[in-house]
Each structure stands twice: as C-alpha cells, then as structure tokens.
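Each remark here refers to the structure printed beneath this line.
Note that ligands are numbered from 1 as they come in the structure, with each ligand's atoms numbered from 1 the same way. Atom set for the values below is all heavy atoms of this structure, side chains included, hydrogens, waters and symmetry mates excluded.
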Amino acid sequence: MTNSSRFTLHASRLIVGITGASGSLYAKRLIETIPANIEVHLVVSENGEKVATYELGKNWLPKRKLIRHQINDFFAPIASGSFKTMGMVVVPCSVGTLGSIAGGLSQNLLQRAADVCLKEGRKLVLVPRETPYSVIHLGNMHALALAGATILDANPGFYQRPKSIDDLVNFVVGRILDHFDLPQRLHKAWKDASH
Ligand SMILES: Cc1cc2nc3c(=O)[nH]c(=O)nc-3n(C[C@H](O)[C@H](O)[C@H](O)COP(=O)(O)O)c2cc1C
C-alpha cells in the first residue's frame with residue numbers, strides 16, 4: 001500500500017500512542033473509527049492513562065480488537081524497525097513527549113516507537129495540544145517536521161459549521177485518518193461539504 005508522499009505504508013498495522021495532554025476524546029474517537037481490518041497497536045503513557053480516566057471516566061478505552069503494549073515494554077514488536085507498520089499517530093501528544101521525540105530520547109515504548117517511525121521513514125503524525133506554545137515547543141515541532149513527522153495539532157476548522165463537540169473532534173480525527181489514507185466519514189472534504 002502506498003500513499004502520495006515519500007513514505008511507504010507497510011502492512012495493515014497502525015500504532016496509536018496516547019499521552020497525558022488534554023484531548024483523550026480525540027484518541028477514543030480515532031480508535032473507534034479506524035477500520036476493522038487495520039491491526040491497531042496501542043501504547044499509552046502513564047499520564048495518558050490518568051488524564052484519559054480523568055476526562056472520560058474509568059472505562060474510557062473503546063471496545064475494539066487491538067493489541068495493547070505496556071509503556072515500558074521495550075521487547076514489544078513496535079520497538080523494532082523490522083516490525084513493519086504503516087506508521088504511528090500520537091494523539092493527544094503532550095509537549096513533553098513531543099520534546100522527547102524531537103530529542104530522540106526513546107525514554108519509553110511510545111517514544112521509541114515514534115523514533116522507529118522516523119528512522120525507518122514511516123509516517124509519524126503528532127497531534128499536540130497545548131496553548132500557547134513556547135518557542136521550545138515550536139522549535140521541537142520544527143525539528144520534527146524536518147525529520148519527516150506531520151504536526152497535525154488538535155485544531156478543528158469551523159468552516160463546516162460544527163454544531164457539537166463531536167463535530168469538532170470528528171474534524172481532527174478525520175484529518176488524522178486522511179493522513180494514513182484510511183477511509184473515514186467523519187468529515188467531508190471542503191468541496192464536498194454541503195451547508
Ligand atoms: C488534567 C491534565 C491536563 C493536561 N493537559 C496537557 C495538555 O493539554 N498538553 C500538555 O502538553 N500537557 C498537559 N498536561 C501535562 C502532561 O500530562 C505532563 O506534562 C506529563 O508529564 C506528560 O507525560 P507523557 O507525555 O508521558 O504523557 C496535563 C496534565 C493534566 C493532569
């Protein structure tokens with residue numbers, strides 16, 4: 001499977017990382033809507049788990065078939081470039097994890113899996129949520145974009161006249177799925193939008 005960018009999409013596997021930035025609803029919606037034929041490999045940071053529980057309640061993880069890896073399990077397949085995937089999305093991505101990935105620190109499995117995507121030339125979509133951004137955050141985003149990552153921040157558009165929080169969430173999640181060439185019906189392309 002290929003897409004139009006310089007990246008090659010390998011296998012029907014997608015890695016989803018969740019960190020402790022606000023916006024766990026984006027992650028929940030994404031996991032719910034990734035097509036069933038895609039093998040989802042999930043890794044959640046310790047604070048990702050805590051913030052998701054705080055924002056969405058105890059049973060926040062949607063019931064779908066997925067493979068969950070522990071955050072410090074460096075023996076997991078996604079820690080190795082030899083395990084082929086179509087890439088990874090980190091949603092929401094804290095500015096802390098963003099900085100660690102930009103610095104190549106690989107301090108936990110999530111950061112390592114992201115680092116693997118960069119070194120292997122696979123798609124890495126980062127969905128930071130913070131405001132305002134400091135010059136350090138912006139510098140890290142710049143470095144990551146140069147390294148091949150896509151910075152797709154949690155920044156919904158309003159031109160489709162959203163009527164609910166769900167509409168706003170769907171806009172961002174739809175854009176994430178678009179970036180992996182995965183089918184989605186969460187939002188329409190601009191020229192298809194009807195008002
Ligand atoms: C309720 C709550 C909301 C937070 N929201 C954000 C946020 O929007 N963006 C961010 O970068 N960090 C946010 N943080 C801080 C991160 O959770 C913190 O920096 C943590 O160390 C991130 O670790 P992780 O990247 O390993 O998940 C929030 C923390 C809490 C408790």
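Under the 4.5 Å side-chain criterion, counting only non-hydrogen atoms from C-beta, Ile18 is in contact with Pro92. Contact annotation: the side chain of Ile67 never approaches that of Arg13 to less than 4.5 Å [non-hydrogen atoms, C-beta and beyond]. Annotation: side chain of Leu109 is not in contact with side chain of Asn72 (no heavy-atom distance under 4.5 Å).
Partners of Tyr133 by side-chain hydrogen bond (donor to acceptor under 3.5 Å, both in side chains), not counting sequence neighbours, listed by chain and number: Asp153. Looking at residues two or more places apart in sequence or on another chain, you find no side-chain hydrogen bond (donor to acceptor under 3.5 Å, both in side chains) involving Glu130. Residues passing the side-chain hydrogen bond (donor to acceptor under 3.5 Å, both in side chains) test with His41 are Glu39, His69, sequence neighbours excluded.
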Just list the N/O pairs, ligand 1 to protein, that are under 3.5 Å apart, with the distance for each.
residue  : atom   : partner : partner atom : Å
ligand 1 : 5 (N)  : Ser22   : N            : 3.2
ligand 1 : 8 (O)  : Ser22   : N            : 3.0
ligand 1 : 8 (O)  : Arg129  : O            : 3.0
ligand 1 : 8 (O)  : Arg129  : NE           : 3.0
ligand 1 : 8 (O)  : Arg129  : NH2          : 2.9
ligand 1 : 9 (N)  : Arg129  : O            : 2.7
ligand 1 : 9 (N)  : Glu130  : OE2          : 3.4
ligand 1 : 11 (O) : Val95   : N            : 2.8
ligand 1 : 14 (N) : Gly20   : O            : 3.3
ligand 1 : 17 (O) : Gly20   : O            : 2.7
ligand 1 : 17 (O) : Asn47   : ND2          : 2.8
ligand 1 : 25 (O) : Ser94   : OG           : 2.5
ligand 1 : 25 (O) : Thr97   : OG1          : 2.5
ligand 1 : 27 (O) : Gly20   : N            : 2.7
ligand 1 : 27 (O) : Ser45   : OG           : 2.5

